[in-house]
Amino acid sequence: MPELPEVEVTRQRIAPLLVGRRIRALRTTRPSYFFITPPGRLRRALAGRTVKELGRRGKYLVAQLDEGSRLVVHLGMTGQLFASTAVSERLLSASGRAVLEPEAQVRFRPDAHTHLRFCFEDGGAEVYLRDARKFGKVMLVPAGESHPRLERLGADALEASGESLYRATRRRTAAIKAVLLDQSVIAGVGNIYADEALFLAGVRPGRRARRVTRRECGRLVDAIRRVMRRSIETGGSSISDYIAPDGSDGRYQRERRVYARDGEACVACGGRVRKRVVAQRGTHYCPTCQR
DNA sequence: ATTCCAACCTGATAGC
DNA sequence: TGCTATCAGGTTGGAA
């Protein structure tokens, strides 16, 4: 699932295909849960526009358009943003045979889940946004305006401070993991990196947030930054559907210490990694190393 | 103010 | 083998 590192890698790699190229037409699927801004309006607004800059806030991609408005995209759980030239076995498993060109085993062809398709004036490679479950979202934010979804976001996970996490947790009886997943506190943390950071910081995910010390909050924020920087370096985690814009897999899943390793040996103590539900999410931790 | 949970969606997989 | 039930998870919004 795309969290901050996957969104950041996507941003870095799709930017060269998006920025500075005049959009001839945007093709979309029918109106659905995926579209916050209706697709017809999106198509009209994007035709003839150029993306000036592609930014990121938490898990959101923000494309700054030449006339001042912003196209905002969230990849949800299964969102994939990639080039029409992308080549990936994963596009096969993610979407079945139907989307593949018969002669090219791994070449993708837009299907019913391909909600956005950017075609450019230069006639070069197109850019696709595909999302089978439609948990992703797309919206157009007019020039000078904002949107509650963006307004609500806390400090970006790469820049958050331990002190701000400490302050945010003082009155909260919910599990510390629930607070880490709360995008209004720290933006960009999802299930994988929450579990990984809690392990590195030695904090049990189910511990009540107000019981986490100032020092542990510092360790948690450091751990979040550390795992995310490393993940960005290695191209993100391809655990379920994530692929980079060129179709390649990330490699961070090879380095994960607890996520989806339940029953396996803890990398630190050799004990068994356990899985249970915390904050309504599948949660992986080592009962020995995390207190 | 905070916490909990349902709803949104569909591919993968466990169970029968 | 083939079908059905269940699960996964990010975010919102309403109820407790």
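Predicted model only: the values in this text are computed from it and were never measured.
- Among residues two or more places apart in sequence or in another chain, the salt bridge (Lys or Arg N to Asp or Glu O under 4.0 Å) test is passed with Arg229(A) by none.
- Distance, Gln80(A) CD to dG11(B) P: 12 Å, rounded to whole Å.
- Partners of Arg49(A) according to the salt bridge (Lys or Arg N to Asp or Glu O under 4.0 Å) rule, which considers only residues two or more places apart in sequence or in another chain, are Asp66(A).
- The salt bridge (Lys or Arg N to Asp or Glu O under 4.0 Å) test applied to Arg274(A) returns no partner, not counting sequence neighbours.
- Here Phe120(A) pairs with nothing under the ring pair (Phe, Tyr, Trp, His ring centres under 6.0 Å) rule; sequence neighbours left out.
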*asked:* Generate the contact string for nucleotides 9-16 of chain C. Rules: B means base contact, S means sugar-phosphate contact only, - means no protein heavy atom under 4.0 Å.
replied: BBBS----
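- Defined by atom type and a distance below 3.5 Å, a donor-acceptor pair is present between the side-chain atoms of Thr283(A) and Lys177(A).
- Every residue two or more places apart in sequence or in another chain that forms a ring pair (Phe, Tyr, Trp, His ring centres under 6.0 Å) with Phe34(A) is listed here: His115(A).
- For Arg208(A), there are no salt bridge (Lys or Arg N to Asp or Glu O under 4.0 Å) partners at least two apart in sequence or on another chain.
- Side-chain nitrogen and oxygen atoms of His113(A) include none within less than 4.0 Å of the OP1 or OP2 phosphate oxygen of dC9(B).
- Partners of Tyr252(A) under the ring pair (Phe, Tyr, Trp, His ring centres under 6.0 Å) rule, at least two apart in sequence or in another chain, are Tyr193(A).
- Residues satisfying the side chain to side chain contact (heavy atoms under 4.5 Å, CB included) criterion with Ser69(A), sequence neighbours excluded, are Leu65(A), Glu67(A), Leu140(A).
- For DNA chain B, the neighbouring residues in residues 160-176 of chain A, judged by any heavy atom under 4.0 Å, are Arg172(A), Thr173(A), Ala174(A).
- The interatomic distance linking Leu75(A) (CG) with dC9(B) (C1') rounds to 16 Å, in whole Å.
- A rotation axis mapping the C1' atoms of four pairs onto the next four is fitted at both ends of the helix from dT2(B)-dA16(C) to dC16(B)-dG2(C) over five pairs, and the angle between these axes is 60° to 10 degrees.
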Report, one line per pair, each donor and acceptor closer than 3.5 Å where one atom sits in a side chain of residues 146-155 of chain A; sequence neighbours left out.
{"from": "Ser146(A)", "atom 1": "OG", "to": "Glu151(A)", "atom 2": "OE2", "distance (Å)": "2.7"}
{"from": "His147(A)", "atom 1": "ND1", "to": "Arg149(A)", "atom 2": "N", "distance (Å)": "3.0"}

